[in-house]
Amino acid sequence: MTEHTPNTNTPETAGPEPFEAEDWIRTFAVAPPEHVDLPPHHPHCLGCGPANPHGHQLRVRRDAHGVYAHHSFDSRHVGAPAIAHGGAVATVLDDLFGFLLYTVGELAVTRHLAIDYLAPVLLDTPYTLRSHIHSRAGRKLHLRATIENNHAHVVTTATALFLIVDIDHFLTPRHNASAATAPTTHEDQQGPQMDSP
Ligand SMILES: CCCCCCCCCC(=O)SCCNC(=O)CCNC(=O)[C@H](O)C(C)(C)COP(=O)(O)OP(=O)(O)OC[C@H]1O[C@@H](n2cnc3c(N)ncnc32)[C@H](O)[C@@H]1OP(=O)(O)O
């Protein structure tokens, strides 16, 4: 039996220190030009961090509609043979949504993510990912995304609700984690509710 090792927060995996976070967060207030690589969320971000060898190292650009990326999943992301793991696909889409924040100029985090896996996402196959802001209502950003293959077939669609947060969300993440309350059911969280026994 393998001994369980606690996941300690090493310097490599820890979030930015408060003074670094201030600089980091400022990058989201600047709208970069279209068709050039946007900055990664963080050097070790699982979705886009160039320094994370386990990550997807997604490279994302803006256009007039939102953001887009060209991406291939590989053997690190396998689920069923030759097919990308659904969680890996979700990771990339969540991260892609996070790049829309450069077009909003505000900080926000995922509150709700829903994905339709319309067809298998194949390994070692080029895809185009696109995301845009469907609507905004106060702090609520309703977002949409697609993954399309080279034959213009959409294989995955996703929707997300991101909620705008202030800088304290990142400066005091442990405090915020302990402040979480019981989940509420919302209309856009689809699917049947579990029956009580
Ligand atoms: C900027 C840097 C980004 C960098 C990285 C990007 C990486 C990709 C994105 C991510 O992975 S982010 C990481 C994963 N997400 C999180 O860790 C977030 C964890 N959740 C939280 O910290 C809190 O739940 C959150 C800050 C998002 C919200 O807490 P709040 O207490 O501020 O919100 P609240 O629960 O009061 O809900 C605000 C509003 O949204 C509504 N709402 C919440 N969930 C909803 C839902 N599912 N559908 C519809 N409405 C919803 C809610 O009813 C309410 O409406 P009203 O203002 O009208 O009353």
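Hydrogens, waters and symmetry mates are skipped; everything else that's a heavy atom, side chains included, is used. Both ligands and their constituent atoms are indexed starting at 1 by order of listing. Each residue takes its place number in the sequence, starting with 1.
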Numbering the atoms of ligand 1 from 1, which are under 4.0 Å from a heavy atom of [X]?
{"X": "Phe170", "value": "1 (C), 2 (C)"}
{"X": "Phe28", "value": "2 (C)"}
{"X": "Leu163", "value": "27 (C), 28 (C), 33 (O), 37 (O), 38 (C), 40 (O)"}
{"X": "Lys140", "value": "39 (C), 40 (O), 41 (C), 55 (O), 56 (P), 58 (O)"}
{"X": "Leu101", "value": "1 (C), 3 (C)"}
{"X": "Val165", "value": "26 (C)"}

Practice prompt. Looking only at distances, please establish whether an N/O atom of ligand 1 is found under 3.5 Å from an N/O atom of His112.
Written response: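 N/O-N/O distance below 3.5 Å does not exist for this pair.
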
Over all atoms of both residues, closest heavy-atom pair of [X] and [Y]:
{"X": "Val104", "Y": "Leu141", "answer": "CG2-CD1, 4.3 Å"}
{"X": "His65", "Y": "His132", "answer": "O-CB, 3.3 Å"}
{"X": "Tyr117", "Y": "Thr156", "answer": "CD2-CG2, 4.4 Å"}
{"X": "Ala158", "Y": "Phe97", "answer": "O-CZ, 3.8 Å"}

Worksheet item: Parallel under 30°, tilted from 30 to 60°, perpendicular over 60°: which one fits the rings of Tyr68 and His70?
Response: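 Ring orientation of Tyr68 relative to His70: perpendicular.
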
Worksheet item: Where does the angle between the aromatic ring planes of Phe73 and His77 fall among parallel (under 30°), tilted (30 to 60°) and perpendicular (over 60°)?
Response: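 Taking His77 first and then Phe73, their aromatic rings stand perpendicular (interplane angle over 60°).
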
Worksheet item: Under the 3.5 angstrom rule, does the side chain of Gln57 hit a backbone N or O of Pro50 as a donor-acceptor pair?
Response: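 A pair under 3.5 Å: yes.
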
Would you please determine whether [X] falls within less than 4.0 Å of ligand 1 on a heavy-atom basis?
{"X": "Arg139", "answer": "yes"}
{"X": "Phe162", "answer": "yes"}
{"X": "Ala108", "answer": "yes"}

Worksheet entry | Qualifying side-chain hydrogen bond (donor to acceptor under 3.5 Å, both in side chains) pairs, either residue in residues 81-110, two or more places apart |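 Non-adjacent pairs meeting side-chain hydrogen bond (donor to acceptor under 3.5 Å, both in side chains): His41-Asp95, Asp94-Thr110, Glu106-Arg136.
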
Worksheet item: Out of Thr27, Val109, Leu96, whose heavy atom is nearest to atom 27 (C) of ligand 1?
Response: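 Going through Thr27, Val109, Leu96 one by one, Val109 has the nearest heavy atom to atom 27 (C) of ligand 1.
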
Practice prompt. Closest by any non-hydrogen atom to atom 23 (C) of ligand 1: pick that one out of Glu106, Arg111, His41.
Written response: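 The nearest heavy atom belongs to Arg111.
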
Worksheet item: When you look at NE2 of His35, are more than 12 heavy atoms from neighbouring residues, nucleotides or ligands closer to it than 6.0 Å?
Response: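 Count over threshold, so yes.
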
Worksheet entry | Part of His169 within contact of ligand 1 (heavy atoms, under 4.0 Å) |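 Contact part for His169 vs ligand 1: side chain (C-beta onward).
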
